[in-house]
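Below is one structure, written out as C-alpha coordinates; comments come after it.
Computed from a predicted structure; not experimentally measured. Each chain gets a letter, A, B and so on, in the order its sequence line appears, and its residues count up from 1.
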Amino acid sequence: MAARRVLKAVLVDLSGTLHIEDSAVPGSQEALKRLRSAPVAIRFVTNTTKESKRDLLERLRKLEFDIAEDEIFTSLTAARNLLEQKQVRPLLLVDDNALHDFRGIPTNDPNAVVIGLAPEHSNYQMMNEAFRLILDGAPLIAIHKARYYKRKDGLALGPGPFVTGLEYATDTKATVVGKPETTFFLEALRGIGCKPEETVMIGDDCRDDVGGAQNAGMLGILVKTGKYRAADEDKIKPAPYLTCESFPQAVDHILQHLL
Amino acid sequence: MSEICWLKSRYNSGLRHNARWIKASGLKLRFCTNETQATRDKFVKKLQRLGFNISVNEVTAPAPAACRILKERNLRPHLLIHDELVPEFDQVDKANPNCVVIGDAADNFSYKNLNEAFRVLIGLENPILISLGRGRYYKETDGLKLDVGVYMKALEYACDIQAEVVGKPAKMFFQSALAEMEVEPQQAIMIGDDIVNDVGGAQQCGMKALQVRTGKYRPCDEQHPEVKADGYVNNLAEAVDIIVKQLHK
(Lines give C-alpha, C1' and ligand atoms only; values in the text may rest on other atoms or scores of the structure.)
Protein backbone atom coordinates (compact mmCIF):
# COMPACT_ATOMS: atom_id res chain seq x y z
CA MET A 1 0.00 0.00 0.00
CA ALA A 2 1.30 3.46 -0.86
CA ALA A 3 2.41 5.65 2.01
CA ARG A 4 -0.48 7.67 3.35
CA ARG A 5 -0.59 10.91 5.20
CA VAL A 6 -1.87 11.02 8.74
CA LEU A 7 -5.63 10.47 9.10
CA LYS A 8 -7.30 13.79 9.87
CA ALA A 9 -10.98 13.31 9.04
CA VAL A 10 -13.70 10.67 9.22
CA LEU A 11 -16.90 10.88 7.18
CA VAL A 12 -19.80 8.82 8.49
CA ASP A 13 -22.93 7.92 6.54
CA LEU A 14 -26.13 8.17 8.56
CA SER A 15 -29.01 5.96 7.41
CA GLY A 16 -27.93 2.32 7.44
CA THR A 17 -24.64 3.03 9.15
CA LEU A 18 -25.33 4.87 12.42
CA HIS A 19 -29.03 4.09 12.55
CA ILE A 20 -31.74 2.18 10.73
CA GLU A 21 -34.96 4.18 10.70
CA ASP A 22 -35.62 4.91 14.36
CA SER A 23 -33.14 2.47 15.93
CA ALA A 24 -29.44 3.01 16.45
CA VAL A 25 -27.01 0.36 15.21
CA PRO A 26 -26.07 -1.34 18.51
CA GLY A 27 -22.99 0.11 20.18
CA SER A 28 -22.78 3.09 17.81
CA GLN A 29 -23.35 5.86 20.36
CA GLU A 30 -20.47 4.58 22.44
CA ALA A 31 -18.28 4.01 19.38
CA LEU A 32 -18.84 7.63 18.31
CA LYS A 33 -17.71 8.81 21.75
CA ARG A 34 -14.52 6.77 21.36
CA LEU A 35 -13.92 8.23 17.89
CA ARG A 36 -14.24 11.75 19.27
CA SER A 37 -11.39 11.04 21.67
CA ALA A 38 -9.10 10.81 18.62
CA PRO A 39 -7.57 13.88 16.89
CA VAL A 40 -9.86 13.68 13.84
CA ALA A 41 -12.58 15.92 12.46
CA ILE A 42 -15.89 14.13 11.96
CA ARG A 43 -18.62 14.86 9.44
CA PHE A 44 -21.91 13.06 9.02
CA VAL A 45 -22.84 12.80 5.35
CA THR A 46 -26.10 11.79 3.74
CA ASN A 47 -27.97 11.86 0.41
CA THR A 48 -31.28 12.75 1.94
CA THR A 49 -33.63 14.85 -0.15
CA LYS A 50 -36.56 14.70 2.17
CA GLU A 51 -35.19 15.66 5.53
CA SER A 52 -33.70 18.97 6.53
CA LYS A 53 -30.66 19.05 8.82
CA ARG A 54 -32.98 19.96 11.65
CA ASP A 55 -35.03 16.78 11.14
CA LEU A 56 -31.91 14.63 10.99
CA LEU A 57 -30.45 16.19 14.10
CA GLU A 58 -33.66 15.66 16.03
CA ARG A 59 -33.74 11.98 15.17
CA LEU A 60 -30.09 11.44 16.00
CA ARG A 61 -30.34 13.25 19.35
CA LYS A 62 -33.37 11.14 20.26
CA LEU A 63 -31.15 8.11 19.68
CA GLU A 64 -28.63 9.66 22.05
CA PHE A 65 -25.97 10.48 19.49
CA ASP A 66 -23.84 13.45 20.44
CA ILE A 67 -23.85 15.45 17.18
CA ALA A 68 -23.84 19.17 16.29
CA GLU A 69 -25.82 20.63 13.38
CA ASP A 70 -22.75 21.98 11.62
CA GLU A 71 -21.20 18.49 11.56
CA ILE A 72 -23.94 17.31 9.20
CA PHE A 73 -23.37 17.64 5.45
CA THR A 74 -26.20 16.61 3.18
CA SER A 75 -26.81 16.53 -0.55
CA LEU A 76 -29.23 19.40 0.10
CA THR A 77 -26.34 21.40 1.59
CA ALA A 78 -24.27 20.56 -1.47
CA ALA A 79 -27.09 21.82 -3.70
CA ARG A 80 -27.41 25.01 -1.68
CA ASN A 81 -23.67 25.65 -1.92
CA LEU A 82 -23.83 25.25 -5.68
CA LEU A 83 -26.78 27.63 -6.00
CA GLU A 84 -24.88 30.25 -3.97
CA GLN A 85 -21.75 29.74 -6.04
CA LYS A 86 -23.63 30.15 -9.30
CA GLN A 87 -25.81 32.95 -7.88
CA VAL A 88 -28.98 31.53 -9.42
CA ARG A 89 -32.61 31.51 -8.31
CA PRO A 90 -34.00 27.98 -8.25
CA LEU A 91 -37.32 26.36 -9.03
CA LEU A 92 -37.17 23.90 -6.13
CA LEU A 93 -38.76 20.55 -6.95
CA VAL A 94 -37.94 19.13 -3.54
CA ASP A 95 -39.89 17.74 -0.62
CA ASP A 96 -41.56 20.46 1.46
CA ASN A 97 -39.51 19.33 4.48
CA ALA A 98 -36.33 20.01 2.57
CA LEU A 99 -37.21 23.63 1.79
CA HIS A 100 -35.90 24.56 5.20
CA ASP A 101 -32.34 24.02 4.01
CA PHE A 102 -32.80 26.54 1.21
CA ARG A 103 -33.95 29.40 3.41
CA GLY A 104 -32.58 32.70 2.25
CA ILE A 105 -32.08 31.67 -1.35
CA PRO A 106 -34.28 33.79 -3.63
CA THR A 107 -36.77 31.76 -5.64
CA ASN A 108 -38.70 34.46 -7.47
CA ASP A 109 -38.40 34.47 -11.27
CA PRO A 110 -36.34 31.24 -11.26
CA ASN A 111 -33.39 30.70 -13.60
CA ALA A 112 -32.28 27.29 -12.30
CA VAL A 113 -33.99 24.00 -11.55
CA VAL A 114 -33.27 21.79 -8.52
CA ILE A 115 -34.72 18.28 -8.46
CA GLY A 116 -34.88 16.01 -5.45
CA LEU A 117 -37.21 13.25 -4.39
CA ALA A 118 -40.56 15.00 -4.48
CA PRO A 119 -43.52 12.86 -5.53
CA GLU A 120 -45.95 15.70 -4.93
CA HIS A 121 -44.04 17.98 -7.32
CA SER A 122 -43.43 15.42 -10.06
CA ASN A 123 -46.75 15.99 -11.80
CA TYR A 124 -46.96 16.86 -15.49
CA GLN A 125 -47.48 20.57 -14.92
CA MET A 126 -44.43 21.01 -12.71
CA MET A 127 -42.28 18.94 -15.04
CA ASN A 128 -43.35 21.16 -17.95
CA GLU A 129 -42.45 24.25 -15.94
CA ALA A 130 -39.02 22.83 -15.17
CA PHE A 131 -38.61 21.76 -18.80
CA ARG A 132 -39.33 25.23 -20.18
CA LEU A 133 -36.88 26.87 -17.79
CA ILE A 134 -34.10 24.46 -18.75
CA LEU A 135 -34.85 24.91 -22.45
CA ASP A 136 -34.38 28.62 -21.85
CA GLY A 137 -30.93 27.99 -20.40
CA ALA A 138 -31.54 27.31 -16.71
CA PRO A 139 -29.03 24.81 -15.24
CA LEU A 140 -30.50 21.53 -14.03
CA ILE A 141 -29.21 20.47 -10.61
CA ALA A 142 -30.01 17.00 -9.31
CA ILE A 143 -29.72 16.27 -5.59
CA HIS A 144 -28.95 12.72 -6.68
CA LYS A 145 -30.06 10.26 -9.36
CA ALA A 146 -31.32 7.26 -7.41
CA ARG A 147 -33.42 4.98 -9.61
CA TYR A 148 -35.79 3.97 -6.86
CA TYR A 149 -36.00 3.44 -3.15
CA LYS A 150 -37.83 1.19 -0.73
CA ARG A 151 -41.00 2.49 0.88
CA LYS A 152 -43.28 0.72 3.32
CA ASP A 153 -45.69 -0.06 0.45
CA GLY A 154 -43.05 -1.28 -1.99
CA LEU A 155 -40.53 0.20 -4.41
CA ALA A 156 -40.99 3.78 -5.56
CA LEU A 157 -39.39 5.94 -8.25
CA GLY A 158 -36.50 8.11 -7.12
CA PRO A 159 -35.52 11.44 -8.64
CA GLY A 160 -33.18 9.78 -11.16
CA PRO A 161 -35.85 8.87 -13.73
CA PHE A 162 -37.26 12.43 -13.76
CA VAL A 163 -33.81 13.97 -14.08
CA THR A 164 -33.01 11.58 -16.94
CA GLY A 165 -36.28 12.46 -18.67
CA LEU A 166 -35.57 16.19 -18.47
CA GLU A 167 -32.00 15.67 -19.70
CA TYR A 168 -33.44 13.90 -22.74
CA ALA A 169 -36.14 16.53 -23.29
CA THR A 170 -33.66 19.41 -23.24
CA ASP A 171 -30.56 17.66 -24.56
CA THR A 172 -28.58 18.84 -21.53
CA LYS A 173 -26.79 17.15 -18.62
CA ALA A 174 -27.72 17.66 -15.00
CA THR A 175 -25.14 18.56 -12.39
CA VAL A 176 -25.52 15.86 -9.74
CA VAL A 177 -24.48 17.00 -6.29
CA GLY A 178 -25.08 13.97 -4.06
CA LYS A 179 -23.11 10.76 -3.48
CA PRO A 180 -21.37 9.16 -5.29
CA GLU A 181 -20.21 12.35 -7.06
CA THR A 182 -16.67 13.39 -6.19
CA THR A 183 -17.79 16.98 -5.70
CA PHE A 184 -20.01 15.85 -2.83
CA PHE A 185 -17.11 14.34 -0.94
CA LEU A 186 -14.82 17.30 -1.63
CA GLU A 187 -17.50 19.76 -0.52
CA ALA A 188 -17.95 17.80 2.73
CA LEU A 189 -14.27 18.36 3.46
CA ARG A 190 -14.22 22.02 2.51
CA GLY A 191 -15.50 23.17 5.88
CA ILE A 192 -12.79 21.29 7.79
CA GLY A 193 -9.79 22.01 5.59
CA CYS A 194 -8.74 18.38 5.12
CA LYS A 195 -7.67 16.54 1.99
CA PRO A 196 -9.20 13.33 0.60
CA GLU A 197 -5.92 11.46 1.25
CA GLU A 198 -6.32 12.33 4.93
CA THR A 199 -9.87 11.03 5.11
CA VAL A 200 -11.74 7.75 5.61
CA MET A 201 -15.44 7.24 4.77
CA ILE A 202 -17.66 4.71 6.58
CA GLY A 203 -20.92 3.61 4.91
CA ASP A 204 -23.32 0.79 4.06
CA ASP A 205 -23.80 1.56 0.36
CA CYS A 206 -20.90 -0.01 -1.48
CA ARG A 207 -21.25 2.00 -4.66
CA ASP A 208 -22.44 5.37 -3.41
CA ASP A 209 -20.59 5.59 -0.05
CA VAL A 210 -17.42 3.53 -0.41
CA GLY A 211 -16.95 3.58 -4.18
CA GLY A 212 -17.69 7.28 -4.38
CA ALA A 213 -15.32 8.12 -1.51
CA GLN A 214 -12.49 5.99 -2.92
CA ASN A 215 -12.91 7.59 -6.34
CA ALA A 216 -12.45 10.93 -4.60
CA GLY A 217 -9.14 9.71 -3.11
CA MET A 218 -10.33 8.64 0.33
CA LEU A 219 -10.20 5.26 2.08
CA GLY A 220 -13.56 3.49 2.24
CA ILE A 221 -14.87 1.20 4.98
CA LEU A 222 -17.97 -0.83 4.10
CA VAL A 223 -20.22 -1.86 7.00
CA LYS A 224 -22.54 -4.82 6.77
CA THR A 225 -25.61 -3.06 8.07
CA GLY A 226 -28.46 -1.16 6.41
CA LYS A 227 -28.70 -1.77 2.68
CA TYR A 228 -25.61 -4.02 2.59
CA ARG A 229 -26.18 -7.34 0.75
CA ALA A 230 -23.78 -10.29 0.71
CA ALA A 231 -20.90 -9.85 -1.74
CA ASP A 232 -21.55 -6.12 -2.28
CA GLU A 233 -17.81 -5.63 -1.66
CA ASP A 234 -17.08 -7.51 -4.89
CA LYS A 235 -19.05 -5.01 -6.92
CA ILE A 236 -16.58 -2.13 -6.94
CA LYS A 237 -13.02 -1.78 -8.15
CA PRO A 238 -10.90 -1.24 -6.25
CA ALA A 239 -12.56 -3.18 -3.46
CA PRO A 240 -13.28 -1.40 -0.19
CA TYR A 241 -10.20 -0.74 1.94
CA LEU A 242 -12.03 -2.68 4.65
CA THR A 243 -15.34 -4.52 5.04
CA CYS A 244 -16.51 -5.04 8.59
CA GLU A 245 -19.58 -5.87 10.63
CA SER A 246 -20.77 -2.43 11.69
CA PHE A 247 -19.83 1.08 12.76
CA PRO A 248 -18.29 0.11 16.16
CA GLN A 249 -15.89 -2.30 14.42
CA ALA A 250 -15.00 0.37 11.86
CA VAL A 251 -14.15 2.78 14.68
CA ASP A 252 -12.03 0.11 16.41
CA HIS A 253 -10.04 -0.39 13.22
CA ILE A 254 -9.45 3.33 12.80
CA LEU A 255 -8.28 3.76 16.37
CA GLN A 256 -5.99 0.75 16.22
CA HIS A 257 -4.56 1.00 12.70
CA LEU A 258 -5.01 4.39 11.09
CA LEU A 259 -3.84 6.86 13.70
CA MET B 1 -49.53 16.38 -36.92
CA SER B 2 -51.08 17.93 -33.82
CA GLU B 3 -49.62 21.24 -34.92
CA ILE B 4 -51.89 21.53 -37.94
CA CYS B 5 -54.96 21.24 -35.80
CA TRP B 6 -54.03 24.30 -33.80
CA LEU B 7 -53.35 26.69 -36.64
CA LYS B 8 -55.62 29.68 -36.82
CA SER B 9 -58.18 30.00 -39.58
CA ARG B 10 -56.07 32.09 -41.94
CA TYR B 11 -54.16 28.93 -42.77
CA ASN B 12 -57.14 26.64 -43.04
CA SER B 13 -58.41 27.66 -46.43
CA GLY B 14 -54.98 27.12 -47.94
CA LEU B 15 -54.52 23.78 -46.28
CA ARG B 16 -57.96 22.57 -47.18
CA HIS B 17 -56.91 22.62 -50.80
CA ASN B 18 -53.59 20.87 -50.27
CA ALA B 19 -54.93 17.40 -49.75
CA ARG B 20 -57.13 17.86 -52.79
CA TRP B 21 -54.20 19.09 -54.92
CA ILE B 22 -52.14 16.11 -53.92
CA LYS B 23 -54.87 13.61 -54.65
CA ALA B 24 -55.80 15.35 -57.90
CA SER B 25 -52.22 14.94 -59.06
CA GLY B 26 -52.56 11.20 -58.76
CA LEU B 27 -50.34 11.01 -55.70
CA LYS B 28 -51.25 8.74 -52.83
CA LEU B 29 -51.59 10.49 -49.52
CA ARG B 30 -51.12 9.13 -46.07
CA PHE B 31 -51.16 10.94 -42.75
CA CYS B 32 -48.46 9.68 -40.44
CA THR B 33 -49.05 10.80 -36.96
CA ASN B 34 -47.59 10.04 -33.58
CA GLU B 35 -50.83 11.38 -32.14
CA THR B 36 -51.61 9.33 -29.06
CA GLN B 37 -53.93 11.66 -27.23
CA ALA B 38 -56.96 10.57 -29.21
CA THR B 39 -58.28 7.67 -31.24
CA ARG B 40 -57.94 7.84 -35.03
CA ASP B 41 -61.68 8.42 -35.28
CA LYS B 42 -61.59 11.52 -33.09
CA PHE B 43 -58.42 12.75 -34.73
CA VAL B 44 -59.90 12.42 -38.22
CA LYS B 45 -63.14 14.15 -37.16
CA LYS B 46 -61.08 17.06 -35.79
CA LEU B 47 -59.29 17.45 -39.12
CA GLN B 48 -62.51 17.07 -41.06
CA ARG B 49 -63.99 19.95 -39.07
CA LEU B 50 -61.01 22.04 -40.21
CA GLY B 51 -61.92 21.21 -43.77
CA PHE B 52 -59.65 18.27 -44.51
CA ASN B 53 -60.99 15.52 -46.69
CA ILE B 54 -59.44 12.63 -44.82
CA SER B 55 -60.61 9.24 -43.62
CA VAL B 56 -59.53 6.87 -40.88
CA ASN B 57 -57.94 4.40 -43.26
CA GLU B 58 -55.59 7.10 -44.56
CA VAL B 59 -54.05 7.48 -41.12
CA THR B 60 -51.06 5.52 -39.83
CA ALA B 61 -50.83 5.91 -36.06
CA PRO B 62 -48.92 4.17 -33.25
CA ALA B 63 -51.82 2.75 -31.22
CA PRO B 64 -53.25 0.43 -33.88
CA ALA B 65 -49.70 -0.54 -34.82
CA ALA B 66 -49.02 -1.39 -31.18
CA CYS B 67 -52.21 -3.47 -30.92
CA ARG B 68 -51.02 -5.60 -33.81
CA ILE B 69 -47.71 -6.19 -32.05
CA LEU B 70 -49.37 -7.03 -28.73
CA LYS B 71 -51.58 -9.58 -30.47
CA GLU B 72 -48.67 -11.16 -32.40
CA ARG B 73 -46.58 -11.58 -29.26
CA ASN B 74 -49.28 -12.50 -26.77
CA LEU B 75 -48.62 -9.42 -24.71
CA ARG B 76 -51.13 -8.09 -22.17
CA PRO B 77 -50.43 -4.41 -21.51
CA HIS B 78 -50.59 -2.17 -18.50
CA LEU B 79 -51.54 1.11 -20.18
CA LEU B 80 -50.05 4.49 -19.33
CA ILE B 81 -51.81 6.54 -21.99
CA HIS B 82 -54.18 9.44 -22.52
CA ASP B 83 -57.76 8.69 -21.46
CA GLU B 84 -58.96 9.49 -24.98
CA LEU B 85 -56.75 6.77 -26.49
CA VAL B 86 -58.11 3.94 -24.35
CA PRO B 87 -60.78 2.89 -26.90
CA GLU B 88 -58.03 1.92 -29.39
CA PHE B 89 -57.12 -0.86 -26.94
CA ASP B 90 -60.66 -2.11 -26.30
CA GLN B 91 -60.03 -5.40 -28.09
CA VAL B 92 -56.83 -6.08 -26.17
CA ASP B 93 -56.64 -8.38 -23.14
CA LYS B 94 -55.34 -6.24 -20.27
CA ALA B 95 -55.68 -8.68 -17.38
CA ASN B 96 -52.53 -9.75 -15.55
CA PRO B 97 -50.24 -7.47 -17.56
CA ASN B 98 -46.88 -8.71 -18.83
CA CYS B 99 -45.76 -5.46 -20.42
CA VAL B 100 -46.29 -1.70 -20.25
CA VAL B 101 -47.50 0.46 -23.14
CA ILE B 102 -46.75 4.15 -22.75
CA GLY B 103 -48.18 6.94 -24.91
CA ASP B 104 -48.47 10.71 -24.73
CA ALA B 105 -50.46 10.65 -21.51
CA ALA B 106 -50.17 14.37 -20.69
CA ASP B 107 -51.78 14.95 -17.29
CA ASN B 108 -51.93 11.20 -16.72
CA PHE B 109 -48.15 11.38 -16.24
CA SER B 110 -48.60 11.74 -12.50
CA TYR B 111 -46.08 10.31 -10.02
CA LYS B 112 -48.70 7.76 -8.95
CA ASN B 113 -49.36 6.51 -12.48
CA LEU B 114 -45.69 6.40 -13.39
CA ASN B 115 -44.95 4.51 -10.20
CA GLU B 116 -47.65 1.96 -11.02
CA ALA B 117 -46.15 1.38 -14.48
CA PHE B 118 -42.68 1.15 -12.92
CA ARG B 119 -43.87 -1.47 -10.42
CA VAL B 120 -45.37 -3.61 -13.19
CA LEU B 121 -42.06 -3.53 -15.08
CA ILE B 122 -39.77 -4.07 -12.10
CA GLY B 123 -41.89 -7.04 -11.06
CA LEU B 124 -41.54 -8.81 -14.43
CA GLU B 125 -38.81 -11.30 -15.09
CA ASN B 126 -38.72 -10.05 -18.67
CA PRO B 127 -39.77 -6.40 -18.55
CA ILE B 128 -41.14 -5.12 -21.87
CA LEU B 129 -41.82 -1.43 -22.38
CA ILE B 130 -43.53 -0.40 -25.60
CA SER B 131 -43.49 3.29 -26.32
CA LEU B 132 -45.84 4.91 -28.80
CA GLY B 133 -43.18 7.30 -30.03
CA ARG B 134 -40.02 8.87 -28.62
CA GLY B 135 -40.70 12.57 -29.12
CA ARG B 136 -39.14 14.98 -26.65
CA TYR B 137 -41.79 17.67 -26.72
CA TYR B 138 -44.54 19.17 -28.85
CA LYS B 139 -46.16 22.52 -29.21
CA GLU B 140 -49.63 23.36 -27.97
CA THR B 141 -51.43 26.71 -27.94
CA ASP B 142 -50.26 27.26 -24.36
CA GLY B 143 -46.62 26.42 -24.93
CA LEU B 144 -44.21 23.51 -25.30
CA LYS B 145 -45.06 20.31 -23.46
CA LEU B 146 -43.18 17.13 -22.64
CA ASP B 147 -43.83 14.22 -24.98
CA VAL B 148 -43.89 10.45 -24.44
CA GLY B 149 -40.14 10.02 -25.12
CA VAL B 150 -39.28 11.83 -21.89
CA TYR B 151 -41.27 9.41 -19.75
CA MET B 152 -40.06 6.48 -21.81
CA LYS B 153 -36.51 7.48 -20.88
CA ALA B 154 -37.53 7.87 -17.25
CA LEU B 155 -38.86 4.30 -17.07
CA GLU B 156 -35.89 2.97 -19.05
CA TYR B 157 -33.56 4.50 -16.49
CA ALA B 158 -35.59 3.34 -13.51
CA CYS B 159 -35.69 -0.27 -14.70
CA ASP B 160 -32.41 -0.33 -16.60
CA ILE B 161 -34.12 -1.51 -19.81
CA GLN B 162 -34.62 -0.34 -23.39
CA ALA B 163 -38.06 0.46 -24.71
CA GLU B 164 -39.38 -0.69 -28.08
CA VAL B 165 -40.63 2.28 -30.05
CA VAL B 166 -43.77 2.04 -32.17
CA GLY B 167 -44.27 5.26 -34.00
CA LYS B 168 -42.02 7.83 -35.68
CA PRO B 169 -39.07 7.67 -36.02
CA ALA B 170 -39.05 3.84 -35.87
CA LYS B 171 -38.39 2.37 -39.32
CA MET B 172 -41.17 -0.12 -38.82
CA PHE B 173 -43.67 2.69 -38.60
CA PHE B 174 -42.79 4.34 -41.91
CA GLN B 175 -42.45 0.97 -43.60
CA SER B 176 -45.92 0.00 -42.50
CA ALA B 177 -47.34 3.27 -43.90
CA LEU B 178 -45.53 2.66 -47.22
CA ALA B 179 -46.77 -0.93 -47.31
CA GLU B 180 -50.31 0.24 -46.76
CA MET B 181 -49.91 2.56 -49.78
CA GLU B 182 -48.08 -0.13 -51.78
CA VAL B 183 -45.29 2.30 -52.56
CA GLU B 184 -41.49 2.02 -52.42
CA PRO B 185 -39.61 4.44 -50.14
CA GLN B 186 -37.87 6.05 -53.11
CA GLN B 187 -41.29 6.90 -54.53
CA ALA B 188 -42.39 8.71 -51.38
CA ILE B 189 -41.75 12.00 -49.65
CA MET B 190 -42.39 12.88 -46.00
CA ILE B 191 -43.43 16.34 -44.82
CA GLY B 192 -43.19 17.19 -41.13
CA ASP B 193 -42.21 19.71 -38.45
CA ASP B 194 -40.02 17.44 -36.33
CA ILE B 195 -36.47 17.28 -37.69
CA VAL B 196 -35.56 14.03 -35.94
CA ASN B 197 -38.81 12.10 -35.79
CA ASP B 198 -40.39 13.12 -39.10
CA VAL B 199 -37.48 14.04 -41.37
CA GLY B 200 -34.70 11.87 -39.90
CA GLY B 201 -36.94 8.86 -39.47
CA ALA B 202 -38.25 9.03 -43.04
CA GLN B 203 -34.78 9.50 -44.55
CA GLN B 204 -33.51 6.46 -42.64
CA CYS B 205 -36.08 4.45 -44.61
CA GLY B 206 -34.91 5.75 -47.93
CA MET B 207 -37.54 8.44 -48.38
CA LYS B 208 -36.96 12.10 -49.10
CA ALA B 209 -38.21 14.50 -46.46
CA LEU B 210 -39.10 18.18 -46.13
CA GLN B 211 -39.23 20.11 -42.87
CA VAL B 212 -41.94 22.74 -42.42
CA ARG B 213 -41.03 25.81 -40.39
CA THR B 214 -44.05 25.50 -38.15
CA GLY B 215 -45.04 23.64 -35.01
CA LYS B 216 -42.07 22.31 -33.14
CA TYR B 217 -39.60 23.65 -35.70
CA ARG B 218 -36.77 25.76 -34.25
CA PRO B 219 -34.27 27.70 -36.43
CA CYS B 220 -31.37 25.61 -35.05
CA ASP B 221 -33.00 22.56 -36.70
CA GLU B 222 -31.54 23.73 -40.01
CA GLN B 223 -28.07 23.17 -38.57
CA HIS B 224 -28.89 19.85 -36.93
CA PRO B 225 -25.68 17.83 -36.48
CA GLU B 226 -27.20 14.59 -37.74
CA VAL B 227 -30.18 15.33 -39.95
CA LYS B 228 -30.25 17.46 -43.08
CA ALA B 229 -33.72 17.75 -44.65
CA ASP B 230 -34.05 17.54 -48.40
CA GLY B 231 -35.68 20.94 -48.17
CA TYR B 232 -36.98 23.47 -45.66
CA VAL B 233 -40.31 25.14 -46.43
CA ASN B 234 -42.32 27.72 -44.59
CA ASN B 235 -45.46 25.64 -44.33
CA LEU B 236 -47.39 22.73 -45.69
CA ALA B 237 -48.86 24.78 -48.55
CA GLU B 238 -45.37 25.60 -49.81
CA ALA B 239 -44.35 21.95 -49.54
CA VAL B 240 -47.32 20.86 -51.57
CA ASP B 241 -46.63 23.57 -54.13
CA ILE B 242 -43.11 22.26 -54.66
CA ILE B 243 -44.22 18.64 -54.91
CA VAL B 244 -47.07 19.28 -57.32
CA LYS B 245 -44.88 21.52 -59.52
CA GLN B 246 -42.16 18.83 -59.59
CA LEU B 247 -44.73 16.31 -60.76
CA HIS B 248 -45.87 18.45 -63.64
CA LYS B 249 -42.34 19.04 -64.95
Side-chain angles (χ1 to χ4, degrees), chain A residues 49-50 91 93-96 113 115-138 140 142-174 176 178 207 235, chain B residues 37 80 82-83 102 104-124 127 129 131 133-140 142-163 165 195-197 216 218 220-221 224-226:
Chain A
T49 62
K50 282 170 73 76
L91 171 71
L93 297 186
V94 300
D95 191 279
D96 288 337
V113 175
I115 297 196
L117 175 63
E120 71 276 15
H121 294 311
S122 306
N123 57 60
Y124 190 57
Q125 226 169 311
M126 285 302 271
M127 285 286 284
N128 275 327
E129 216 182 298
F131 160 63
R132 290 172 196 166
L133 283 172
I134 302 165
L135 210 58
D136 275 340
L140 171 58
I143 308 281
H144 62 80
K145 282 190 74 170
R147 291 184 144 90
Y148 53 84
Y149 66 108
K150 191 156 184 194
R151 270 196 329 210
K152 286 187 195 124
D153 61 339
L155 295 180
L157 292 170
F162 297 95
V163 172
T164 302
L166 285 172
E167 288 180 318
Y168 174 69
T170 56
D171 202 18
T172 58
K173 272 259 163 275
V176 185
R207 196 186 63 113
K235 293 187 182 145
Chain B
Q37 282 202 21
L80 178 50
H82 199 278
D83 289 343
I102 182 175
D104 173 14
D107 287 307
N108 277 350
F109 279 135
S110 61
Y111 182 84
K112 180 168 173 291
N113 290 344
L114 278 159
N115 217 28
E116 251 173 66
F118 160 67
R119 283 176 179 177
V120 169
L121 288 169
I122 205 85
L124 292 170
L129 174 60
S131 185
R134 51 180 292 142
R136 290 154 62 202
Y137 55 87
Y138 53 86
K139 183 174 181 169
E140 291 230 313
D142 53 342
L144 296 180
K145 295 198 174 164
L146 295 174
D147 203 351
V148 57
V150 172
Y151 292 92
M152 173 196 83
K153 285 282 175 187
L155 288 175
E156 284 186 331
Y157 178 81
C159 306
D160 199 15
I161 57 175
Q162 285 256 293
V165 180
I195 187 73
V196 170
N197 291 328
K216 97 177 45 143
R218 295 170 99 206
C220 56
D221 288 346
H224 196 277
E226 279 142 33

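Residue B/Ile122 touches chain A through its side chain alone, counting heavy-atom pairs closer than 4.5 Å. Contacts of B/Asp160 with chain A are made by both backbone and side-chain atoms, with heavy-atom separations under 4.5 Å. Neither the backbone nor the side chain of B/Ala105 comes within contact range of chain A; no heavy atom of the residue lies under 4.5 Å from a heavy atom of that chain. At a 4.5 Å heavy-atom cutoff, the contact between B/Phe109 and chain A is made by backbone and side-chain atoms alike. Residue B/Arg218 touches chain A through its side chain alone, counting heavy-atom pairs closer than 4.5 Å.
No side-chain heavy atom of B/Lys145 sits under 4.5 Å from any side-chain heavy atom of B/Asp104.
Heavy-atom pairs under 4.5 Å with chain B were tallied for A/Arg151, A/His121, A/Met126, A/Gln125; the largest tally goes to A/Arg151. Most heavy-atom pairs under 4.5 Å with chain A: of the set B/Leu155, B/Leu144, B/Asp147, B/Asp107, this distinction falls to B/Leu144. Put simply, of B/Gly123, B/Gly149, B/Ala158, the one with the most heavy-atom pairs under 4.5 Å next to chain A is B/Ala158. When A/Glu167, A/Glu120, A/Arg132 are compared by the number of non-hydrogen pairs under 4.5 Å with chain B, A/Arg132 comes out ahead.
For the residue pair A/Leu155 and B/Asn115, the shortest heavy atom distance occurs at O-ND2, 3.9 Å. Looking at every heavy atom in both residues, B/Leu121 comes nearest to B/Pro127 through O-CB, 3.5 Å. Here the closest heavy-atom approach between residue B/Asn108 and residue B/Asn113 is recorded as O-ND2, 2.8 Å.
With sequence neighbours left out, the ring-ring contact (aromatic ring centres under 6.0 Å, His included) criterion links B/Tyr157 to no other residue.
Atom OH of A/Tyr149 is separated from atom NE2 of A/His144 by 9.5 Å, given to the nearest 0.5 angstrom. From A/Leu157, atom CG reaches atom CZ of B/Arg119 across 8.5 Å, with rounding to the nearest 0.5 Å.
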